[in-house]
Amino acid sequence: MEISFEDLLILAKTKRADINEARLREVYLFAEKNHAGQIRQTGEGYIIHPLSTAHILASWGLDQASLEAALLHDLPEMAGITTEELQKNFGEEVVRLIEGVNRVGKVKLRGSQNLQFLENLRRMFVAMAQDIRVVLIRLADRLHNISTLDAVPLSKQKRIAIETMEVYAPLAERLGMGRLKGDLEDLAFPYIYPDEYTWLQEIAKPHFKYSEKNVSGIMNKLRQQLVKHGIAARVEGRPKRKYSLYKKLLRPEINRDISKIYDLMAVRVITEDTASCYSALGIIHQYWKPVPNAGISDFIAQPKPNGYQSIHTKIFDNMGNIVEIQIRSEEMHLTAELGAAAHFAYSDAKSHGASDEKLTAGTAFKISEKMSWVKQLAGWQNQVSTAGDNLEDYKLDALSQHIYVFSPNGDVYDLPENSTPIDYAFGVHSDLGHYIQTVKINGRIASLDQPLKSGDIIEVQKSKIMKKPNKNWLRFVKTHKAKEEIRKAVQDQPS
Ligand code: MN
């Protein structure tokens with residue numbers, strides 16, 4: 001689908017009251033002019049990519065600065081537009097976002113792929129972003145790129161798809177963005193496991209058909225019952241996501257038998273408020289018997305760590321089939337679908353009286369109680385506890401006190417801010433610190449006290465014989481481990 005600037009404008013304005021139309025148009029025309037003549041691998045004009053990225057962000061309700069940054073994000077790389085020029089034309093906030101987007105874009109999947117590595121890679125991404133909007137813009141950019149992946153050369157497709165599955169989709173999940181996570185996984189799935197994807201399509205087709213027919217009957221009866229009891233609610237059917245279905249089929253107790261899967265089509269009841277969720281549950285159980293022992297999961301009373309809330313129950317329909325029903329309020333629904341971005345969708349700070357000055361400074365948005373995703377992100381780094389209520393929701397300070405660097409093999413190491421190559425060496429192995437000959441950062445010889453930055457690749461060239469650590473290193477090392485090792489070695493030294 002070809003999107004136009006007018007489409008973007010209409011969507012943005014329906015989502016937010018504070019969109020500056022003239023300015024957004026000016027930004028768009030600047031991007032269009034400077035991308036002129038550039039063609040995507042799909043054969044379309046390049047501008048369709050920044051435009052689509054902005055359109056996705058608008059659908060999440062993101063603010064003016066995010067939309068502008070999305071429209072401009074590829075200009076430095078593609079059109080050689082300098083940061084200074086962008087700053088002169090569009091101001092500091094937008095430029096900071098663009099720089100962040102391009103910085104995190106350089107985080108690439110490489111080297112080892114064990115769980116800890118992937119976790120560190122995702123943390124590095126967030127730490128480098130420093131502003132939640134940067135992460136959201138990158139995710140929108142990736143969603144558009146993976147939607148048009150078939151135009152990319154085969155050799156690149158698989159790498160991009162794996163990166164999407166292993167870095168971006170889990171990141172979206174961390175941020176509670178259920179819909180985006182599902183979209184990214186389902187789009188990457190056929191590129192990573194083409195044969196399995198085809199197999200799944202074939203076996204699932206008749207089951208989906210049956211399930212759909214069955215569920216639509218239940219939905220109709222359920223609507224009637226809710227009306228009868230005076231509960232205002234929407235009832236909808238939701239086909240299970242392809243990749244999520246595939247993973248479930250691989251479980252040992254399922255053993256690829258699709259007839260054992262009960263939630264091919266789940267029924268979703270969306271109510272006005274929390275109390276109505278429990279009333280709806282009562283009505284459902286009056287009408288259909290709950291499956292014994294399959295259990296009712298109350299994620300309203302006990303939300304999932306990423307903030308997800310719903311009640312899940314499994315019932316027998318009149319034919320004896322098991323059907324899953326999910327019940328949640330409108331607000332829980334928005335949070336489950338949009339996660340971190342839901343904040344933008346239901347906060348219109350300006351209408352709550354925040355001044356323009358405060359809005360520009362980004363300090364008008366404070367974490368509300370609903371923002372469990374920020375706490376979740378903060379909790380991602382165990383060390384953080386003091387940030388409390390003063391933490392601004394955009395800022396990812398909690399994570400930016402850490403840096404993440406690569407070994408030459410691509411392993412990621414988590415170090416405190418301003419760590420040095422010595423900290424890195426002791427972090428890799430206590431022995432390595434005793435054999436430091438020279439150090440290279442990103443391929444260049446560097447001094448031992450040079451502060452490292454996230455994304456740096458550190459290479460320690462080992463000496464042939466053991467070298468005692470130097471007492472002076474204690475003046476600049478940051479990690480406990482390095483300090484301890486150096487002190488121990490210095491004590492042992494005959495003076
Ligand atoms: Mn891009």
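For ligands, and for the atoms within them, numbers begin at 1 and follow the listed sequence. Below, all heavy atoms of this structure are taken into account, side chains as well, without hydrogens, waters or symmetry copies.
Taking the six-membered ring for Trp and the full ring otherwise, Phe90 and Phe30 have centroids separated by under 6.0 Å.
A cation-pi arrangement is present between Lys304 and Phe299, with the terminal nitrogen or guanidinium carbon under 6.0 Å from the aromatic centre and inside a 45° cone about the axis.
With salt bridges taken as basic N to acidic carboxylate O contacts below 4.0 Å, none links Glu185 and Lys242. Salt bridge Arg256/Glu196: present, at least one basic N to carboxylate O contact under 4.0 Å.
Within the protein, the number of N/O/S atoms found under 2.8 Å from the Mn ion (ligand 1) is 4.
A salt bridge (Lys or Arg N to Asp or Glu O under 4.0 Å) with Glu68 is found for one member of Arg25, Arg23, Arg133 and no other, namely Arg23.
Judged as a ring-ring contact (aromatic ring centres under 6.0 Å, His included), and not counting sequence neighbours, the contacts of His144 are His49.
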